[in-house]
Amino acid sequence: MTQQIPVAELRRRFPSEFVWGVATSAFQIEGAARADGKGPSIWDEFCRVPGAIADGGTGDVACDHYHRLEADLDLIADLGVTAYRFSISWPRVQPSGSGPYNDRGVAFYERLVDGLLERNIQPYATLYHWDLPAELQHHSGGWLARDTAYRFAEYAQVVSRRLGDRVVSIATHNEPWVSAVLGYERGVFAPGVKDRRVAYQASHHLLLSHGLAMQAIRAAGIKAEVGIVLNMSPVRPATDSEIDAHHARLEDGRLVRWYTDALFKGQYPADIIEHLGADAPQVQAGDAASIAQPCDFVGINYYHPTVSSSSNPASPASTGAAVTDMGWEVAPNALSGLLLRLKRDYQLPPIYITENGAAYRDQLVNGQVDDEQRRHYIESHLVAVAEAIDRGVDVRGYFVWSLMDNFEWAEGYRKRFGIVHVDYATLRRTLKRSALWYRSLLSAVA
């Protein structure tokens, strides 16, 4: 049994106004894949590719959150969180990615936001969590096309006009690196393209769409804070060799600096442009300034450190004393180190830890799930956040990934990240030990 920190002691390490939340994404939990006028996404189609999803699963039903909204909102409220981070399905509100909007789809998110507010929970919306309308992929190659960035800005403005008076935060994108690299270079995520040149052009258009969306949202007079969410991982060389150090520097450039330099320095890192050569993206005049729009916040998603070598440029570190069911090293100190590095290297807006959590092989026994490893993972990473705050990093909030077990992309339903267990046969929700602990932390007197 891991030694547990008293919850009141841990809670006192955070400011009284600190935001405590849980997070999900639309495709992973909503289901209702063809309900009420929703159009297909690239993930709906990718799930039909033989062998693409480890267990052959789809997002057709997922957790059926679309049809269980009120009960799930009560579940969130029962945890005692002050905020809920969710994403909006673009093809649910605009089935083709251009043209008419689907009022029934928009109405779902209005009910979601209103239901959160009725329960005194702050809505944190994300406009894009990887489920691109399939029509945009068919018509123009998805994020390879510059036109998709303009379509996204239009979508952002329409949605923000409908919801922006009630949500407190709007993130344009969740993890553009994943969309670009896993989707268009490695091909293990939708849309399954394997072309580095396409991937880096897509990454540029994703970032450009962020900047254009920021402008469009602000032009609509929305008062919500606006920013972006990035996945980050500190990269270390596998050995002390000079060549491994070189590869680690390149991987840090591809994973971290490519996005942070563009957003907060107004340029792509020169060493990565040189490294890409002919695969570097085509950039038009004015793009850099559009991308580097001032952000009200930046979200950071952290799970594990990365190891780089000449034989394997990037792999999740797995040599630590503890690893998760994903094979990822449990390294909370790497999170505090990452936050301090960002403070040193950039002039950043306030930071939110928008995703942090772990997958384990949970067992439901006599109506309970004793996920002590996950509870300890969350606790240890909160300690790391507190240490970064003590050293001057402006972290304003923390969101556990994830509220509930769900469709875990290419892994299907094999990996469970939730603090709430979902029985996929019955869709029954059960609070795990980690959820009960999190609730006790949030109810502790700070």
Side-chain angles (χ1 to χ4, degrees), residues 26 38-43 87-102 105-106 109 125-164 170-181 183-184 190-191 193 195 197-222 224 226-230 258-259 262-263 266-268 280-296:
K38 178 186 174 293
S41 76
I42 55 175
W43 271 97
S87 77
I88 295 165
S89 168
W90 188 352
R92 193 177 294 287
V93 302
Q94 191 184 32
S96 298
S98 63
Y101 284 80
N102 176 23
V106 176
Y109 296 106
T126 300
L127 294 175
Y128 186 77
H129 199 128
W130 312 345
D131 47 353
L132 185 76
E135 180 62 28
L136 292 179
Q137 187 67 36
H138 298 160
H139 182 262
S140 54
W143 290 109
L144 174 62
R146 187 179 179 91
D147 185 64
T148 300
Y150 295 111
R151 301 288 77 74
F152 180 75
E154 293 172 357
Y155 154 72
Q157 188 172 69
V158 170
V159 171
S160 63
R161 281 177 173 161
R162 294 287 294 267
L163 301 177
I170 300 174
T172 55
H173 284 277
N174 180 79
E175 301 183 352
W177 177 90
V178 171
S179 296
V181 174
Y184 289 88
V193 177
D195 188 319
R197 182 194 64 81
V198 171
Y200 277 87
Q201 192 63 56
S203 76
H204 175 66
H205 290 151
L206 283 156
L207 286 167
L208 176 62
S209 77
H210 155 77
L212 295 174
M214 295 275 287
Q215 292 173 316
I217 294 168
R218 285 175 171 152
I222 302 306
V226 190
I228 191 170
V229 171
L230 306 173
W258 183 260
Y259 299 91
L263 289 161
Q267 59 188 14
Y268 290 119
Q282 296 182 346
V283 178
Q284 295 186 14
D287 283 1
S290 293
I291 292 169
Q293 294 290 310
C295 288
D296 297 319

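Throughout, numbering of the chain's residues begins at 1 and tracks the sequence.
Val181 places none of its side-chain heavy atoms less than 4.5 Å from the side chain of Trp258. Residues Trp177 and Leu230 have side chains not in contact (no heavy-atom distance under 4.5 Å, counting atoms from C-beta outward). A heavy-atom distance below 4.5 Å is not found between the side chains of Val159 and Val106.
With rounding to the nearest 0.5 Å, the separation of CD in Gln137 from OG1 in Thr148 is 8.0 Å. The distance from the OG atom of Ser98 to the CD atom of Glu154 is 8.0 Å, given to the nearest 0.5 Å.
Remark: Gln94 pairs with Trp90, Tyr101 by the side-chain hydrogen bond (donor to acceptor under 3.5 Å, both in side chains) rule, at least two apart or across chains. For Arg92, the salt bridge (Lys or Arg N to Asp or Glu O under 4.0 Å) partners are Glu30, not counting sequence neighbours.
Salt bridge status for Arg146 with Asp287: present, with a side-chain N to carboxylate O gap under 4.0 Å.
The aromatic rings of Phe152 and Trp143 lie perpendicular to each other, with more than 60° between the two planes, well past the 30° mark.
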side-chain hydrogen bond (donor to acceptor under 3.5 Å, both in side chains) between His139 and Ser96, worked out: CA-CA 10 Å; His139 182 262; Ser96 298; over 6 Å; no
Which is it for Ser209 and Tyr128 under the side-chain contact (heavy atoms from CB on, under 4.5 Å) test, yes or no, and what are the steps along the way? CA-CA 11 Å; Ser209 77; Tyr128 186 77; over 6 Å; no
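Between the side chain of Tyr155 and the backbone N or O of Leu127 there is at least one donor-acceptor pair closer than 3.5 Å. In this structure, the side chain of Gln267 does not engage the main chain of Ala288 through any donor-acceptor pair within 3.5 Å. In this structure, Tyr109 contributes its side chain and Arg162 its backbone to no donor-acceptor pair below 3.5 Å.
Tyr268 and His204 are linked by a side-chain donor-acceptor pair at a separation below 3.5 angstrom, with hydrogens and angles left out of the test.
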